[in-house]
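Contents: one structure, followed by commentary.
Per chain, numbering begins at 1; letters A, B, ... match sequence-line order. Remember, it's a predicted structure, so these values are computed and weren't measured experimentally.
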Amino acid sequence: MTEDYGNRGGAVRLQGATDMGSAPTTVRTHFTIGEIAREFGFTLRALRFYEEKGLIRPRRTGNRRLYSAADRQRLEIIAKCKKVGMPLDDIRDILGVGNDVANDPARSERMLDKMLTRLDALTEEKARIHDYTQEALLLIADLKAKLGRAA
DNA sequence: GTTCTGACA
DNA sequence: TGTCAGAA
């Protein structure tokens, strides 16, 4: 884990903004795929995959990916949606094409809509699993009885 | 050591 | 998506 907080890529120096120490404060505006992966818990493969699918469009430095604040906001949404098992296609719809995802009421509206739909699906799944469980229990009891074992 | 692309599972 | 390979 090379925590290169040096002045690579999108690093920017803010005038006068210093903290405690004497070294000039460096605020990084862009991050490498490795850093983003660690921060959000995504694998490098997943991040490249999301890019292939058009969910994010990190800028490049040569052919190295650089993730901006906007990319991170999108990733945050992706993480939340993935957490409930939402399909990537739906996540892409929520995100929309623009790269600026901050404070977008329309986006929140889309996300709410998709989330409600997802809730329905999860509720149905839960019911289905309950049914399967009951069936399995019944079959097990039946088999045990047939084998002369205690229930 | 880190990241990239492409291919296969 | 994980994993592996070969290159930068």
Side-chain angles (χ1 to χ4, degrees), chain A residues 1-137 139-140 143:
Chain A
M1 288 184 218
T2 303
E3 289 299 62
D4 184 352
Y5 283 104
N7 194 17
R8 178 195 292 179
V12 147
R13 283 176 191 289
L14 295 186
Q15 290 194 325
T18 60
D19 58 76
M20 305 310 278
S22 55
T25 297
T26 298
V27 176
R28 299 224 280 140
T29 59
H30 292 77
F31 300 79
T32 66
I33 191 172
E35 294 168 327
I36 293 295
R38 282 192 291 279
E39 181 181 342
F40 291 88
F42 288 132
T43 61
L44 304 187
R45 183 71 183 82
L47 289 171
R48 293 173 189 133
F49 186 66
Y50 298 156
E51 184 179 339
E52 269 181 58
K53 296 302 176 186
L55 275 64
I56 45 177
R57 299 174 67 83
R59 112 187 201 216
R60 307 288 182 121
T61 298
N63 67 337
R64 300 301 221 207
R65 278 167 260 250
L66 278 186
Y67 296 78
S68 67
D71 292 320
R72 293 171 39 152
Q73 295 181 65
R74 295 173 76 84
L75 253 2
E76 213 168 284
I77 292 173
I78 293 172
K80 287 176 181 172
C81 292
K82 282 213 59 187
K83 194 171 182 179
V84 299
M86 192 181 287
L88 292 186
D89 290 324
D90 287 346
I91 300 178
R92 189 201 298 116
D93 291 341
I94 290 172
L95 259 12
V97 284
N99 207 47
D100 51 319
V101 149
N103 304 313
D104 181 345
R107 190 217 72 216
S108 294
E109 198 67 54
R110 291 197 295 275
M111 189 163 163
L112 171 60
D113 192 63
K114 297 283 190 187
M115 210 51 87
L116 288 171
T117 299
R118 182 59 187 150
L119 179 61
D120 284 342
L122 288 170
T123 302
E124 282 179 34
E125 254 184 72
K126 187 176 179 181
R128 189 163 49 247
I129 289 176
H130 177 265
D131 289 346
Y132 288 161
T133 302
Q134 294 308 302
E135 277 308 310
L137 251 23
L139 261 25
I140 288 171
L143 290 167

Here the distance between atom P of B/dG6 and atom CD of A/Glu51, to the nearest Å, is 12 Å
Phosphate oxygens OP1/OP2 of B/dT5: is one of them under 4.0 Å from a side-chain N or O of A/Arg60? yes
Taking atom C1' of B/dG1 as reference, at what distance in whole Å does atom CD1 of A/Ile33 sit? 15 Å
Salt-bridge contact A/Asp89-A/Arg92 (side-chain N to carboxylate O under 4.0 Å): yes
Less than 4.5 Å apart, any side-chain heavy atom of A/Leu88 and any of A/Tyr50? yes
Given atom CZ of A/Arg65 and atom C1' of B/dT2, what is their separation to the nearest angstrom? 12 Å
Using only heavy-atom distances, determine whether the side chains of A/Ser68 and A/Asp71 contain a donor-acceptor pair under 3.5 Å. yes
Euclidean distance, atom CZ of residue A/Arg38 to atom C1' of B/dT2 [Å, nearest integer]: 10 Å
Counting only heavy atoms not in A/Glu125, do more than 12 fall under 6.0 Å of its CD? yes
Could you run through nucleotides 1-8 of chain C and give me one letter per nucleotide, 5' to 3': B if any protein heavy atom sits under 4.0 Å from the base, S if only the sugar-phosphate is that close, - if neither? BBB-----
Quick one: is A/Thr32 getting a side-chain N or O under 4.0 Å of the B/dT2 phosphate, OP1 or OP2? no
Report yes if the side chains of A/Thr32 and A/Arg64 come closer than 4.5 Å at any heavy-atom pair, otherwise no. no
Presence of salt bridge, A/Glu51 and A/Arg60, under 4.0 angstrom: yes
Please report, rounded to the nearest Å, how far the C1' atom of B/dC4 is from the CD1 atom of A/Ile36. 17 Å
